[in-house]
There are 2 protein chains.
Amino acid sequence: MKDTSKEHFIEYLSQISQISPESKEAIFNLCSFVSINKNKNLQSIGQTCKTIYFVQDGAARIYYYKDDKDVTEYFAFENDLIIRAESLFTGKPSHKAIQAIYDTIFISIPAKPLFELFDQHHDIERLFRKVVERSYVDTINRLESLQFYSAEERYKSLIEKSPTVVRDIPLKYIASYLGITQVSLSRIRANFS
Amino acid sequence: MKDTSKEHFIEYLSQISQISPESKEAIFNLCSFVSINKNKNLQSIGQTCKTIYFVQDGAARIYYYKDDKDVTEYFAFENDLIIRAESLFTGKPSHKAIQAIYDTIFISIPAKPLFELFDQHHDIERLFRKVVERSYVDTINRLESLQFYSAEERYKSLIEKSPTVVRDIPLKYIASYLGITQVSLSRIRANFS
DNA sequence: CTGATTATTTAACAAATGTAAAAGGAATTG
DNA sequence: CAATTCCTTTTACATTTGTTAAATAATCAG
């Protein structure tokens with residue numbers, strides 16, 4: 001049963017970029033599952049990120065503290081990549097943590113052997129290049145929304161783009177994700193909806 | 001003279017990730033120069049981005065209009081990559097433009113033949129994977145600063161990180177880059193400096 | 001089920017940032 | 001170098017968002 005989950009995951013990946021059966025097997029052999037209970041950390045602040053995760057089932061977030069306040073930087077749902085890129089790609093410790101929002105199962109791929117696979121399997125490197133490109137585009141779009149859209153516009157566009165987030169995720173996390181306080185988000189919700 | 005500039009550029013690239021002499025030559029043959037006068041666009045709004053640029057000499061920015069107001073999303077200086085990634089990686093038209101801030105020379109690499117080079121030259125694909133990873137990390141860091149840092153904090157950290165920007169770039173561009181108005185930036189400058 | 005905890009909303013006020021308009025400086029052009 | 005245009009600052013006021021605290025509402029554990 002766990003193996004079929006892995007196979008589904010590999011299928012999902014190969015839709016992003018075609019990979020050979022051997023490459024599929026090589027990735028398959030690196031994948032393992034990690035279960036994390038609600039509100040527990042998968043990765044803690046201060047660790048250097050050396051693992052790539054995808055959400056298999058559940059939801060997770062990346063967060064950090066700014067002036068003792070919890071700030072959510074990113075949400076991940078089924079099949080979503082969740083990495084602390086600024087640590088993984090630089091080798092520096094991360095000031096961010098990864099936390100399960102519900103009881104969540106992650107697929108875990110250790111970075112070092114994965115990067116070694118890149119040497120033998122050009123198609124795997126290409127796949128992960130495209131995975132990173134997607135995340136990059138998502139981040140650019142979020143940057144644009146934070147740069148010059150009002151809190152209300154940002155909230156409305158989140159509802160449109162990911163209704164599930166607004167329905168299922170605690171508002172305190174959503175507020176900081178939008179770059180505002182809970183109180184401010186409550187006000188916005190009171191005016192429209 | 002132009003050829004030595006190209007060679008310098010290729011050297012710069014190969015410091016990011018080692019590439020073979022053949023790969024260097026293949027990239028070399030794809031590179032060309034484009035000169036753009038101050039305040040002129042290198043790429044216009046509405047175009048789909050099909051070219052990768054690096055700044056050879058001068059400076060440039062990516063901008064778009066939000067409610068008829070000019071918003072600078074990104075600055076690029078010597079050796080910096082400048083692409084409208086959300087268009088290049090998705091094939092959709094971009095609502096952003098690339099503009100020379102001074103008279104500027106760009107190195108231009110057409111995306112299609114470059115992506116074709118990826119097939120024969122694994123090391124070139126790796127190089128550009130790393131280039132994109134760097135941009136991704138930069139964008140994540142900017143996202144963090146916009147998400148929960150005050151305008152004043154953002155301005156101060158820009159001074160620290162890129163004093164040249166604050167010294168050389170018109171303030172009207174810097175203000176929107178920081179996600180604030182010119183008036184607000186003037187106020188911040190009046191209080192500290 | 002009940003008390004305790006946690007999440008969300010509301011209220012009142014403070015601070016930050018936006019808007020519009022005018023004034024002063026700097027740069028550019030004829 | 002004079003005139004024009006563009007850039008930056010300042011002012012006054014409006015709006016948005018933040019802060020603190022209290023009141024509800026929802027969830028969780030025993």
Side-chain angles (χ1 to χ4, degrees), chain A residues 37-41 58-59 61 63 65-72 75 99-104 144-159 163-193, chain B residues 37-41 58-59 61 63 65-72 75 99-103 144-159 164-193:
Chain A
N37 286 336
K38 181 175 177 175
N39 294 338
K40 296 293 181 196
N41 279 353
R61 68 187 186 110
Y63 72 98
Y65 290 100
K66 152 74 176 154
D67 299 340
D68 293 326
K69 276 172 208 150
D70 176 318
V71 178
T72 295
F75 292 118
Q99 185 187 59
I101 297 177
Y102 324 119
D103 292 354
T104 298
E144 181 178 337
S145 95
L146 280 170
Q147 199 178 1
F148 253 101
Y149 286 74
S150 69
E152 192 182 308
E153 286 171 314
R154 266 138 51 204
Y155 177 65
K156 283 180 174 173
S157 101
L158 182 67
I159 292 178
T164 49
V165 173
V166 182
R167 197 179 56 225
D168 299 341
I169 303 286
L171 289 176
K172 58 177 180 169
Y173 296 158
I174 295 176
S176 66
Y177 178 83
L178 293 173
I180 55 178
T181 60
Q182 286 179 63
V183 174
S184 207
L185 179 56
S186 265
R187 261 191 301 241
I188 289 166
R189 284 161 58 86
N191 291 337
F192 309 79
S193 80
Chain B
N37 287 336
K38 180 175 178 176
N39 294 337
K40 296 293 182 195
N41 280 351
R61 68 187 186 110
Y63 72 97
Y65 290 100
K66 151 75 175 153
D67 298 341
D68 292 327
K69 274 171 210 150
D70 175 317
V71 178
T72 296
F75 292 117
Q99 186 186 59
I101 297 176
Y102 323 119
D103 292 353
E144 181 179 336
S145 95
L146 280 170
Q147 198 177 1
F148 253 101
Y149 287 74
S150 69
E152 192 183 309
E153 287 172 315
R154 265 137 51 204
Y155 178 65
K156 283 180 173 171
S157 101
L158 182 67
I159 292 178
T164 50
V165 173
V166 181
R167 197 179 54 225
D168 299 341
I169 303 285
L171 289 176
K172 58 176 181 170
Y173 296 157
I174 296 175
S176 66
Y177 178 82
L178 294 173
I180 55 179
T181 60
Q182 285 179 64
V183 174
S184 207
L185 179 56
S186 264
R187 261 192 299 243
I188 289 165
R189 284 161 59 87
N191 291 337
F192 308 79
S193 79

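Reminder, nothing fancy here: chain letters follow the sequence lines and each chain counts from 1. Note that the structure is predicted; figures quoted are calculated from it, not measured.
Using a 4.5 Å heavy-atom cutoff, the side chains of D168(B) and Y102(B) are in contact. Annotation: side chain of I101(A) is in contact with side chain of F75(A) (closest heavy-atom distance under 4.5 Å).
Rounded to whole Å, atom P of dA26(D) lies 18 Å from atom CZ of R167(A). In this structure, I101(B) places its CD1 atom 15 Å from C1' of dC7(D), rounding to the nearest Å. Rounded to an integer number of Å, the gap from L146(B) CG to dT17(D) C1' is 16 Å. Rounded to whole Å, atom P of dA26(C) lies 17 Å from atom NZ of K172(B). Distance CD (E152(B)) to C1' (dT17(C)): 13 Å, rounded to an integer number of Å. R187(B) has its CZ atom 14 Å from the P atom of dC13(D), to the nearest Å. Look at CZ on F148(B): it is 15 Å from P on dA16(C), rounded to the nearest Å. Per the geometry, CG belonging to L178(A) stands 17 Å off P belonging to dT16(D), to the nearest Å.
Judged by a 6.0 Å distance limit and a 45° cone about the ring axis, R61(A) is positioned over the six-membered ring of Y173(A).
For the OP1/OP2 pair of dT9(C) and a distance below 4.0 Å, the side-chain nitrogens and oxygens of R189(A) include at least one atom meeting the criterion. Put simply, S186(B) has no side-chain N or O that comes within less than 4.0 Å of OP1 or OP2 on dT8(D). Here T181(A) reaches the OP1 or OP2 of dG18(D): one of its side-chain N or O atoms lies under 4.0 Å away.
Distances were taken from every side-chain heavy atom of P170(A) (C-beta onward) to each of dT17(C), dT8(D), dT8(C); the shortest belongs to dT8(C). Among the nucleotides dT10(D), dG18(C), dT19(D), the one closest to any side-chain atom of V183(A) is dT19(D). When distances are taken from the side chain of L171(B) to each of dT8(D), dT11(D), dT17(C), the shortest belongs to dT8(D). Taking every side-chain heavy atom of K69(A) into account, dT19(D) is the closest of dT19(D), dT8(D), dT19(C). Considering only the side chain of A151(B), dT17(C) comes nearest among dT8(D), dT17(D), dT17(C). Checking dT9(D), dT10(D), dG18(C) against every side-chain atom of I180(B), the shortest atom distance belongs to dG18(C).
Toward the 5' end of DNA chain C, the nearer of the two residues G179(B) and N39(A), judged by each one's closest nucleotide, is N39(A). The residue among K38(A) and S150(A) whose nearest nucleotide of DNA chain D is located toward the 5' end is S150(A).
Judged purely by atom type and a 3.5 angstrom limit, E144(B) has no side-chain atom pairing as donor or acceptor with the backbone of Y149(B).
Counting non-hydrogen atoms under 4.0 angstrom, Q182(A) reaches a base of the nucleic acid.
Rounding to the nearest 0.5 Å places CD1 of I180(B) at 10.0 Å from CD of E152(B).
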